[in-house]
Amino acid sequence: EEEETFSLSELSIAAALALTSEIPQDHKLRREAAILELEQRGQKRVRFGNEMEKLEKEVIRNCRLLRVRADRKALRRKVRKDKDYIELRSGRPPMFWIPLRVHAVWERMEVTLACTVLASPPPQVTWYKNGAPIDLRLAPAGKYKIKNKFGMLTLQISRCSMEDSAEYSVEIKNQYGEAYSFATVLVRKYYGKESGFDSEIYRRSLIAREADFAFSMKPLFSREKEPFTLSCYFSSDLLEHQRDIAWFRDGELLQNSECHKLKYQDREASLTVSCAHKEDEGFYTIRVPSLDGFKEQTTYVFVRDAAAETPGAPGSPLNVKCHDVNKDCLILSWVAPSDNGGSPILGYFIERCVAGSEEWVPCNDRPVKTCRYPVLGLTEGQTYQFQVKAVNKAGISHPSKTSAPVTTYDPSKEKRVTVIPYDEGRKIEIFKDDLEVPLPPTNVHASEVREDYVALAWDEPDPRGREPLNYYVEKSIVGSNSWQMVNLDTPVNSPRFALFDLVKGKSYCFRVRSVNKYGISEPSLPSEPITAGAKLATLPPPSQVLAFRDTKTSVVLQWDKLKDGLEPLGYYIYCRETGTEGWQTVNNKPVTCNEFTVPGLQPGKEYVFCVKSVSEAGLSESSPETDPIVVRPAIARPSTPRGFVLLSCGKSEMTIGWKPPKRQGGTKLLGYFLDQHDTSELDWHEVNIQPIPQRVYTVGNLKEGHLYEFRACAVNMAGVGEVSEPSDAFKCEEWTMPEPGPPYDVKFTEVRDSSLMLHWQAPLYTGAGPVTGYYVDVCEEGSEEWKQINKQPVATTHMKVSDLETGKCFIFRVRALNKAGIGPPSLPSDPVVAKTKPGTNEIELGVDEEGLIYMAFEAPEKNDSSEFIWSKDYEGPPDADRVRTEEKGNKSKLILTNPSEKDLGVYSVEVTDVDEDISASCTLTKEDLDKLLKRSHEIRNPLIKLISGWNVDVLEKGEVRLWLEVEKLSPNAELHLIFNEKELQSTPTHKINFVKGKGLVELIIQNFCDDDKGMYTAQLQDGKAKNQFTLVLLDERKWKFSIKYRLPCPYFIENLRWKVTESCEVLLTCKATNLRKDTSFQWFFNKKARTGGVFDPQTGIGTLSCKIAWIFLDVLLNFSFSIILPALSASPLKIQPTEEGIKIYTDVKYYTDYMKTTWYHKEKQVESRDRLKAGSTMNQIWLHILNPTDADKGKYVLELFDGNDTHKLSTDLSGQAFEDALAEKWTVLESHLLKTLIFIFLNLTSVNFFAQLHVCNLSVLQQTLCLTCCVSGDPYPEITWFKNEKVIVFKDRYKMDVKGTVVTITIEKVCNEDTGKYSIYVKNKYGSETGQVTISVYKHGEIPHKFS
């Protein structure tokens, strides 16, 4: 830098500035000496003289001060003018005297970037990180510190992390110019004492590459009380340092246990939950160690409610926890279920059991309305578990998951006892209390106030005495002086007590007395007035619930948290498909965040969502519904273009093509930006300013012989995507070869299991002549061997590739042919697997309701900008004059406006702007078209279908009936009955009946004569459908009856009837008229003539008496009848005990299915169900009561109907009769429960079985072992199977089947591991039972030791 020189004027100005800014030191000394002298003189003067002297000094000082100020102002004005002139002359652009330098630091250390600048005037300074300005307001507090002192610029970065590794730069700028300085900061991770090239981690990294996740974990949907397995797959085997895999649920580390099985095998890490509960729902994270920390993945596991035993019952509560545990009481809390079953939850029932037992004891008689309840009456030192059930008007839910075991104890004991250890494990306990009669408690107050109860708490007396201490609680209404003992019968053992049934609105005071065996204390001081709490209100629902697109199967929900400091237990989310009524529960465990991703939705469907707050009072009202949202991927920026290829080249221009991005971002691509780079230069240059809509572009103004690279980026509505990697270097040299250039844009559609459709674009450079055909090559992925598919060249730019091996991955390329030869191959296509993707739809060919022929295609997914592109014969869109398209949602329909043979061909459809191929095709043949045209004509011109044509019948009284039957008609159907070209109307002699619901048309002619001969036509119309049917009555020979010689014929005026006589015989009677002398009367049984009948010609009455059960009669007039004889000989009802229960029955001589029997209990009809079975045999009618209870007592009535009369039989099953029957039933049961020892040997492939069975049946079929037993009970018991006293999980080889009372466990492929003691445990609220069986499995040929 040049040496700075200053003139005399500049030096004088600088001196003046120094004078104005600083007073010389000697001037200060002189001033202080003068003041001191004046003070000494003033002490010798009188008071008046001192005052005058002070005034004189003040005047002199003010005058001097005014003079100095005036001189300074004048001097500053002069200096300012000269200073501006000097700065103007000395102005210079900024420059770095000392630039930034590179830094490498360890993680969590501090680094400072520094540089020195020269500039006049001082420059404006801006710091950058990776090209982005550093904003101190947005950075974490204290992360960056920026300073500028005397031209030294510093950037201090505190506690560096791996994210701080970046390129940092500083920009300095003033009005004369700008300058930049760059430096890189590298943050290294510290691995311990051994780091660098000698470290163990570095040596591991050289041996093998670390495994990574092969796939992202997807959400898992399970059901309550069922097992589920969450799996995670890796790209390779985990290295040794990676095998310390950790699983977390909602941030809590999970350990390997009976409930959670953690496993790693064959590149798969799995977490298995043997029995899922709603508490197991949540965010699951797998964390795998790596060289630079750890890698992790997270997904959500949903646990649905188990199927309710009673339809409409609510889901089970969850998160049962114990609080404030004392000697004989505690507080229990839980969370309300998300599913109320369709009706409000009325409350909850709490049950407890001693840990290790299965005997559940109810804790409350009435439902608890809130999700918190004090449990009293516990035993000190006992371990308990609790479960909760929800109840609504439909029924009771399944029990919740049992709480963690909790032991009651005295929480204040540790404060009263001092333990002194001595002499190898012995200890001395020193008690603080030595009193006998206790003191009164203190600090009586309400710890909880609820609508249902008030929980009191107090402090124990100090000292309390050594003896066990109890408490009595007294209450008093505020304003009265009377005290009432609350717990006289049950003294309280701990300083906690809950009071129920307090009068709402009244205030109470409480006091407590201490009592031990020596006496009772004085009462404590009364508590403050306490009023029973008002009904606990539910929280308000969250507001501003918004739904956003996420993926093709998920939606992101966000909502505002509750205001006013309200803290809910969490939130439940619900969804509903638009157009449906029922809301579906999304999560069964409340989420505490205010953002949630809802997975498992149907792509393309429209949903609405709502959220509810969860609190102790239950669930809030639903939040307002979100706006309907279609499940589609969120719009994002597209990925990078790829596969650049040179399609044609001139002396100064090149035509470049490229492949589209793999991910379009969920919307239409607006175009591409292309950059070019001359390899002889450093900079890249933009080719286009506006986006290029196509993927082919000609770049001009190039230098011949130079090498050029190209790169591109795609743009859509979300913005500009990342820039692609540079292409290969292409040489700008004019093509003169005679062969054609490469085809381009090779893609595939209609990918199926063994075929696909290949498409490409013709080459832009044709060479010496036009392209005459194409050859298609294929190779398997991973192979370099290309095989030519077609022996003869294909003239079109598409080809159907068939006979592919399903499941294999293939790559294709295309070569063009002209008269000079075959050109270079195209760029290879993307790999494609020959397999039909799930959810793939085909084109539907059909006829709509209006008779239009259509082809329809429904896309499994599409975006807002997606379009359906139809083509015919793959040559382009069909003729617009012959087709029209309709779109609705994800479905597109191509309608043929004028179907003819011109429309025959192959139709294909493709969906645009999607990341995966969605396409299909169909071929419309002449045969298909003919069928469709016929169907179209039938729809446009429908005919009413004929079921039965015209029929002619003669009725009993000589009437003629003409009738026909067609398909069922609507109520708007019309009938016109034409006779000899005249329409008939219904008259008494010609009655017309038109039964539309049955499609029946009939005409009844009373006195048929010659005038009724002719043509009858029934014209029917129902909407568009119509038809007519004609009957010609002219030729008598073709009639089905004789009308010309019609004579009065006999007929029945009383049909066949029957009754049962007292002698248990059936008496059959009937009556006929229109009788003549030659009329005969004959009885038939089973179409055989029967004798013994009596007939009176005068009255026309015929009778027949018989003793058989049922008779078929056929009289001369071709009338058939069925007769049923009831069992009037039924005996009185009897009661018989059985092994399963009690049977009530009656004996009959004979019984048939035609006899109607009805059982009644307490005047109510009995229906056959699980416990009540009604039935009959040939000689008995019975009602079987299984597992009788007190509810089965009462009067039973059997009602028999014999066709004419009703007969009743009754008995009374109550009192001693019921007790005797029940006692005899147990005697019968004991006689049948004989323990049986069964040894079974089966010669299977490699095993034999040995089984000892008690009260069970054992059956083995092939290589399968079955254990069967009968179970009954009311209510139906819960069933649990054990093997060696461990619960059997039914999966893989173990299966359980329940059919009514028969329970079967099946073990497939039995092996030695199945040897053991098997037991079944059944339980309901009235008791429990256990059955056991021992199974031993032996190898083939081995003799059990018991037989040796």
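Model, not experiment: these values are computed from the prediction.
E606 has its side chain out of reach of E577: every pair of non-hydrogen atoms, C-beta onward, lies at least 4.5 Å apart. Within the 4.5 Å cutoff, no side-chain heavy atoms of V883 are placed close to those of I895. Counting heavy atoms from C-beta on, the side chains of L904 and T923 never come closer than 4.5 Å. Within the 4.5 Å cutoff, no side-chain heavy atoms of T989 are placed close to those of I1005. Residues L1104 and R1090 form a side-chain contact, since some pair of their non-hydrogen atoms from C-beta on lies under 4.5 Å apart.
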Show, in sequence, the C-alpha distance, side-chain angles and deciding distance for N841 and E858, and conclude whether the side chain to side chain donor-acceptor pair (under 3.5 Å) test is met. CA-CA 7 Å; N841 296 328; E858 185 174 5; 5.0 Å; no

Does E750 form a side chain to side chain donor-acceptor pair (under 3.5 Å) with S919? I'd like the steps, not just the answer. CA-CA 5 Å; E750 305 170 33; S919 57; 5.3 Å; no

With side chain to side chain donor-acceptor pair (under 3.5 Å) as the test, would you mind laying out the steps for T1069 and T1103 before giving the verdict? CA-CA 5 Å; T1069 60; T1103 60; over 6 Å; no

Y1160 and V1166: side chain to side chain contact (heavy atoms under 4.5 Å, CB included), yes or no, with the steps? CA-CA 5 Å; Y1160 292 89; V1166 175; 5.6 Å; no

List the steps and the verdict of side chain to side chain donor-acceptor pair (under 3.5 Å) for W1083 and T1091. CA-CA 7 Å; W1083 290 91; T1091 59; over 6 Å; no

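The local environment of NZ in K1162 is crowded, with over 12 non-hydrogen atoms from other residues, nucleotides or ligands closer than 6.0 Å.
The existence of a salt bridge linking K998 and E965 is excluded, since no basic side-chain nitrogen approaches an acidic carboxylate oxygen closer than 4.0 Å. Using a 4.0 Å cut-off between charged side-chain N and carboxylate O, D930 and K926 make a salt bridge. Salt-bridge formation is detected for the pair E842/R752: a Lys NZ or Arg NE/NH1/NH2 atom is positioned less than 4.0 Å from an Asp or Glu carboxylate oxygen. Between E861 and R632 there is no salt bridge, since no side-chain N of the basic residue sits under 4.0 Å from a carboxylate O of the acidic one.
Both tests hold for R576 against W583: distance to the six-membered ring centre under 6.0 Å, angle to the ring axis within 45°.
F979 CZ to T1017 OG1: the interatomic distance, rounded to the nearest 0.5 Å, is 10.5 Å. Atom CE in M855 sits 6.0 Å away from atom CG in L845 (nearest 0.5 Å).
Not a single salt bridge (charged side-chain N to carboxylate O under 4.0 Å, His left out) links E967 to another residue, sequence neighbours left out. In terms of the salt bridge (charged side-chain N to carboxylate O under 4.0 Å, His left out) criterion, residue partners of K931 (sequence neighbours excluded) are, by chain and number, E927.
The minimum heavy-atom distance linking G312 with N392 is given by the pair O-ND2, 2.9 Å. Considering all non-hydrogen atoms of both residues, I843 and Y907 come closest at CD1-O, 3.7 Å. Considering all non-hydrogen atoms of both residues, A394 and P311 come closest at CB-O, 3.7 Å.
A donor-acceptor contact shorter than 3.5 Å is absent between the side chain of N980 and the backbone of G1014.
Aromatic ring orientation, F1081 versus F1095: parallel (interplanar angle below 30°, classes split at 30° and 60°).
Across E844, K893, E886, R884, a single residue satisfies side-chain hydrogen bond (donor to acceptor under 3.5 Å, both in side chains) together with Y854, and that is E844. When each of N898, T897, D903 is tested with R882 by the rule side-chain hydrogen bond (donor to acceptor under 3.5 Å, both in side chains), just one qualifies, namely D903.
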